[in-house]
Trainee: 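Encoded as structure tokens, here's the structure I'll be asking about.
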Amino acid sequence: MDLFTGGHVGCRGCGAAIAARQAMEALGPRTIIVIPASCMATIGGSGLRTAWRIPFYHSLFECAPAVASGIRAALEVQGIREVNVVSWAGDAGTADIGFQSLTGAAERNEDIIHVCYDNESYMNTGGQAGGTTPFGAWTSDTPSGKPTRQKDMLAIMAAHRPPYLATASIAYPKDFIDKLKRAKEIKGFRYIHVLAPCHRGWGIKEEETVEMARLAVECGLWELYEIRAGEKRLTVVPERKVPVQEYLRRQQRFRTLSEEDLAFFQAKAST
Amino acid sequence: MRQLLNGNEATAIAARLARVEVLASYPITPAAPAMEQIVRFISEGKLKAKFIRVESDHSALAAAVGAALAGARPLVVTNSQGLAYMSEVLYHASGLRLPIVMAVVNRGLAAPHTRFPDHGDAIAQEGSGWIQLFCENNQEVLDTLLQAYRLAEDERVRLPVMVHYESYIQSHTREVVEVPAPETVDKFLPLHRRPALDVDNPQAVNVVTGPDLYMDYKYRQDKALQDSQEVLCEVDTAYAELTGRSWGGTLGVYRLDGAEHIFVTMGSLASTCREVVDMLREDGLPVGLLKVRCFRPFPGEKVRSLLKGARTVTVLDKNIVYGSGGALAREVRASLYGPGPEGPFVYSYIAGLGGRDVTSEDVVRIYQMVEEKVKGNQEPLPYEWYGIE
Amino acid sequence: MAKDLPVVPSAPPGTMALKPVAAAWRERHPQIIEGRCNACGECLYFCPEGALKLKETEKGKELEINLDFCKGCGICAHECQRQALRMVAEYTGPQGLLG
């Protein structure tokens, strides 16, 4: 885990840092990580110092998977093997501004792992709405709640038929780590989408970051599964199930949801 | 070996001779055939390289950045809209000091849409920190691409290089090109790997910098760019020793001895102007040509010393910086500012945009117009458009 | 003279851990409640800062808190199933003008 060390300048209770530290446990030192513009691109480095202990490149916003493709090609021509090449992007660098290079790399079946750490908003620029921001969520540029639905990135990425695709949540570290370990053993494009709440964007207390990532699973709005060779398998069946309002009503960003809206989310939740 | 090659074929052969390891390109007219030819070399086993079939020009250069960071020798081929789309990545490549070489088949930028040549795409990136070399024929394209790798990878330089040639006039026009033997090129171009991303020697690249460091990084980058002029001259000399061909390093001079009226231009217009210089010299007129091969860094001091004794300088620009004029004329004037009032007047013409042909008759006509102005003691306008009725 | 900098703008590995600055943001920190922690190590996965470690002692594994890294978010205390950690305020006396 200490391949991303303490001493970084992420906010107190940063869900993104938790995701990165958990992932490092699985990925290990023979990993090159490319992170486009995002909190994670900036909190681990300042001036001549960094919290990374693996090769890291803070890339431009749109193109982490393309950079990763170039790195893999360079390693191949030099005969350098057994290296995980990872593009690690936020929801913007994955689903929105970064989507073009992501879909390209997925279609080419590049031998890289793309991890989307999703906090469902553009937190590095102060919390604006993006493609994965849920319907109804307050953000700094959707002051009346986001009027449109969340982009279904998992369906979009599954449509690329990658050799490996999985969801994860920082509240289930062993599940996340196991998935990365399985992904490491597979060649080709691997996509892992990890829910990593941001307490500032979600309007929760900083100590509730992990709890929210758990409630998302327990209420059925965030299912933990993997798809290998087209076969979907649930990897975590939560011990307890809760109605969606136990998850949504705890978050300030959903304070304006109506009963009708809650019913919409409840219908969306897996049972 | 002599071959009949168009500019794109010359690029492909240069890629093979340079033993390029990673090609990342997105098809665009008229650069695409160069990309396709290199991919054929790869599939036929004539070049051991990886082709990354990216989904966009932006990703093409991003992938080349990744390849260079991980220590490979990359090539990118593009032009016009593709280059404009890469703009943001250009600054990463230069700021990260990556030895990427890019062949740019200069084409006018839309709108309105055009597929034809001018240097507007290159000039739009003049501040990107890339070395920019302009070629006047396909021999120079091949030679310059080989020189570009040696220049880019030189420890004193470590900067990306654009090699410019013009759409159709060069990209699709065959000329006799002397192709050096692979052994000769191998001798000229040993590979120096300096991976910045290396699992055995980890470091974090492009971390956030504050005002304390950013400016120092930029100072060092600019200094490396300025210093690359001298390295380019060295590289050109070393190339000449092996192949017998020199392109003058940063500048090509033609019949400047006793020249009172000197043309300054870049790219294919240099060939046209050379013909005109010969024609006018036959008529006893004291004219000469200064060809700018290296536009970035701009060899201002040399340009000044070569031009300051002239009576008149006429600059032909195949580009327009809207609201300002021709980029080359602006550079020439800036470099001549030093000598004070005794320096020559610089007349600036915008010509040949979007593929409008500039023939030797046109250049003669420009010469005559300038001479009339000189006789009439007419000071030059900031710039004029040639060929607009 | 320009500063002596790497050619490729970069930083050597792990150097932020040497002089951590953000722990100064801390307003509270976790304290182990005597006898409750069984050193399961679950909290290590949830600490964003790498401030928690299991160290080997004569009595077996023991949880160790590194306050150089801890920013005091309280996730560890909130997540601990045995409620073996409590968050205590960083400062005892009044803060502000006279602080």
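Everything numeric in this text was worked out from a predicted model, so none of it was measured. We name chains A, B, ... by the order of the sequence lines, and we start the count at 1 in each one.
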Trainee: Answer with side chain, backbone, both or neither: which region of A/Thr31 has an atom nearer than 4.5 Å to a non-hydrogen atom of chain B?
Mentor: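 Interface part for A/Thr31: backbone (N, CA, C, O).
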
Trainee: Can a salt bridge be assigned to the pair B/Glu155 and B/Arg158 using a cut-off of 4.0 Å between side-chain N and carboxylate O?
Mentor: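 The answer is yes: the pair qualifies as a salt bridge.
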
Trainee: Check each atom of B/Arg193 against the heavy atoms of chain A and say whether the ones under 4.5 Å are side chain, backbone, both or neither.
Mentor: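 Side chain of B/Arg193 only, per the 4.5 Å heavy-atom cut-off to chain A.
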
Trainee: Below 4.0 angstrom, N of the basic side chain to O of the carboxylate: do A/Lys181 and A/Glu25 qualify?
Mentor: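 Judged by the 4.0 Å cut-off on N to carboxylate O distance, A/Lys181 and A/Glu25 do not form a salt bridge.
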
Trainee: Taking side chain as everything from C-beta outward and backbone as N, CA, C, O, which of these in A/Ile54 sits under 4.5 Å from a heavy atom of chain B? Side chain, backbone, both or neither.
Mentor: backbone

Trainee: Please classify the contact of A/Leu48 with chain B as side chain, backbone, both or neither, using a heavy-atom distance under 4.5 Å.
Mentor: both

Trainee: Please state whether the side chain, the backbone, both or neither of B/Leu61 comes within less than 4.5 Å of a heavy atom of chain A.
Mentor: neither

Trainee: Any carboxylate oxygen within less than 4.0 angstrom of a Lys/Arg side-chain nitrogen, looking at A/Lys179 and A/Glu226?
Mentor: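 No, this pair does not count.
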
Trainee: Quick check on B/Asp212 against chain A: is it the side chain, the backbone, both or neither that has a heavy atom closer than 4.5 Å?
Mentor: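 B/Asp212 has no heavy atom closer than 4.5 Å to chain A.
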
Trainee: Is B/Gln203 in contact with chain A via its backbone, its side chain, both, or neither, using a 4.5 Å heavy-atom distance?
Mentor: backbone

Trainee: Which atoms of B/Leu213 are under 4.5 Å from chain A, going by heavy atoms: the side chain, the backbone, both sets, or neither?
Mentor: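 When you check distances to chain A, only side chain atoms of B/Leu213 fall under 4.5 Å.
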
Trainee: Could you list which of residues 149-167 of chain A have a heavy atom closer than 4.5 Å to any heavy atom of chain B, in residue-number order?
Mentor: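 Residues of residues 149-167 of chain A touching chain B at under 4.5 Å: none.
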
Trainee: Taking C-beta and beyond as the side chain, do B/Val205 and A/His58 meet within less than 4.5 Å on heavy atoms?
Mentor: no

